[in-house]
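To keep things clear, I will list the structure first and then write my remarks on it.
Just so it is clear, the values below take in all heavy atoms, side chains as well, and ignore hydrogens, waters and symmetry mates. Here the structure is a predicted model, which means the values were calculated and not measured. As the structure lists them, so they are numbered: ligands from 1, and atoms in each ligand from 1. Along the sequence shown, the residues carry numbers beginning at 1.
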Amino acid sequence: MNYLIGVDIGTTSTKSIAFDLQGNILARRNIGYALISSEPSYSEQDPEEIFKAVVDSIRDVALETGRKGYDLSGIAFSSAMHSVIAVDKHGKPLTNSIIWADTRSRNYAADLKSSGLGHEIYMKTGTPIHPMSPLCKIAWMRDNLAEIYSKAYKFISIKEYVLYKLFGEYVIDYSIASATGLFDIYNLEWDRKALDFAGIDAIKLSRPVDTMHKMLGLRDDYREYMGIAADIPFIVGASDGCLANLGTNAIRPGEAAVTIGTSGAIRVISDKPLNDEEERIFSYILTEDRFVLGGPVNNGGIVLRWFRDNFGDMEALQGKESNEDPYDLLIDKAEKISAGSDGLIFLPYLLGERAPHWDANSKGVYFGINIKHSKAHFLRALLEGVIYGIYDVGRALVETTGDIHRIYATGGFVRSELWVQILADIFNKEVAIAESFESSCLGAAVLGMKSLNMIDSIDEVEKLVPVSKIFYPDGANHQMYSKLFKIYERLYGKLKDEFLNVEDL
Ligand code: ADP
């Protein structure tokens, strides 16, 4: 009985999960770590703390699964995108890991985005020009951390840091590379113009390798510590976003994965990289012939949490008495209102927005309030507004990649049937709920199975991810939403400049 470990180096924790070849979970371990924010715009993590979480979680899972009599075949990695660590000649970090949420390089991103060079770099690299990208962060370091910048031997991501410590070699998978803003996704090499903007040569970055690339020769001390045999291959794997598509079985052209947790995202698969003249979407690599195109939104489930925390006192109290989840009580209220919230429209940009506008200054708006609108209307409009935000990105994807046939939904929002139905109705598409709770870990394990020739194709993931329920769109609701979405879309265009005026008040 063989098994693989999928390791996902995430933003809040590292998850290691042991899967058998049918996709069943045999053991799991989750180890969290701190976020370091010494300035409001800084988001950093200690690479050593993360490394320890990786080796400890692998050790615990391997021990538990080994005791059950299973044999380990390989370990495959997923990790969050966009992190950067400057390291010296000996691999020692000169900085913390500067993660995706860090916005210190926002002026560099804004200047580059408004230039022709920015557009050229985006069209080559598939990474939206944004302070999240290592491209902008390294340029920032050059001017603001001059001493560290000049001492830096390499600029690497957290996954490269972990693999370097385990194997003594700097490699970066095409997937993580494709999210740096520095990688030419057409020719699979570092992009000269992007390197020039960051002020570095390719030698300062790792060697790009395929996402199914195997590493052997684990250092003895870590091999002993984790209790792993010397011949166990490590598969470099891909990014968490790309692997989430694989782990939910949304990997054929025309299939989309919609995730709404705290934030949200919609991603589709294409057999070639496709960029958008309007720079709304990303184009990241899963394997050499599958690209994940999509866009992240800041304003997912966090918007409902904001409503619950600020206007949900009654539901919190009631929930305490009846032992019900306040979210469910809020959703029950919204359910009583018909589709379209009687003309109340919500722009969900409480946290500014990434895709499709990439506009950090945008704000939330309730529009069209009349005397008949109640709290329940505000709730329903909020649920609809979050989905309009995702739909806005979905339309950009359809324009560039072709029609979407089916959506696989994951994340906390699937706990609400109403919310998922709104998704089906706004898109006018079938929505399947995939029974996959740790899709990035499972995606990594499936990539590992293919790399080790244990499966013929990653399409076999279909057998590992059962669908628990399908939601079908309602035509009448779709028509209503189509009318309202046109207003939603125009509202953003009309208010865009006004958002700037409330910024400094
Ligand atoms: P994370 O991004 O931290 O992994 P989750 O995937 O757990 O988050 O999603 C959390 C979000 O899911 C909450 O902010 C909330 O909007 C939504 N959510 C949680 N429970 C419910 C529920 N019962 N009904 C509707 N939405 C819910």
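Compare Gly261, Gly10, Ser263 by their heavy atoms: the one nearest to atom 10 (C) of ligand 1 is in Gly261. Selection from Ile260, Thr262, Asp328 by nearest heavy atom to atom 8 (O) of ligand 1 gives Thr262.
The side-chain tip of Lys469 points at the ring of Phe471 from less than 6.0 angstrom away and within 45° of straight on.
In terms of protein heavy-atom proximity, atom 24 (N) of ligand 1 is closest to Ser416 CB, 3.7 Å. Looking at atom 7 (O) of ligand 1, its nearest protein heavy atom turns out to be Arg415 NH2, 3.4 Å. Atom 22 (C) of ligand 1 has Tyr327 CB, 3.5 Å as its closest protein atom, hydrogens excluded (heavy atom only). Annotation: atom 14 (O) of ligand 1 to nearest protein heavy atom, Gly301 O, 3.1 Å.
If you check the side chains of Glu384 and Tyr481, you find a donor sitting under 3.5 Å from an acceptor. For the residue pair Ser133 and His130, no side-chain donor N or O sits within less than 3.5 Å of a side-chain acceptor on the partner. Checking Ser41 against Glu39 by side-chain atom types alone, no donor-acceptor pair falls below 3.5 Å.
Using cut-offs of 30° and 60° for the angle between ring planes, the Phe311 and Phe307 rings count as tilted.
Between His357 and Tyr349, the ring center distance clears the sub-6.0 Å criterion. Taking the six-membered ring for Trp and the full ring otherwise, Tyr391 and Phe427 have centroids separated by under 6.0 Å.
The Gly411 neighbourhood of ligand 1 comprises atoms 6 (O), with distances under 4.0 Å to a heavy atom of that residue. Every atom of ligand 1 is numbered from 1 in the order shown, and the set under 4.0 Å from a heavy atom of Phe413 is 12 (O).
Counting heavy atoms closer than 4.0 Å to ligand 1, residue Leu304 contributes side-chain atoms (C-beta onward) but none from N, CA, C or O. Residue-level proximity to ligand 1 for Asp325 is carried by the side chain, the only part with a heavy atom below 4.0 angstrom.
For ligand 1, the polar-atom distance check against Gly412 finds a nitrogen or oxygen pair separated by under 3.5 Å.
Of the listed residues (Asn428, Val268, Val258), just one forms a side-chain contact (heavy atoms from CB on, under 4.5 Å) with Ile404, and that residue is Val268.
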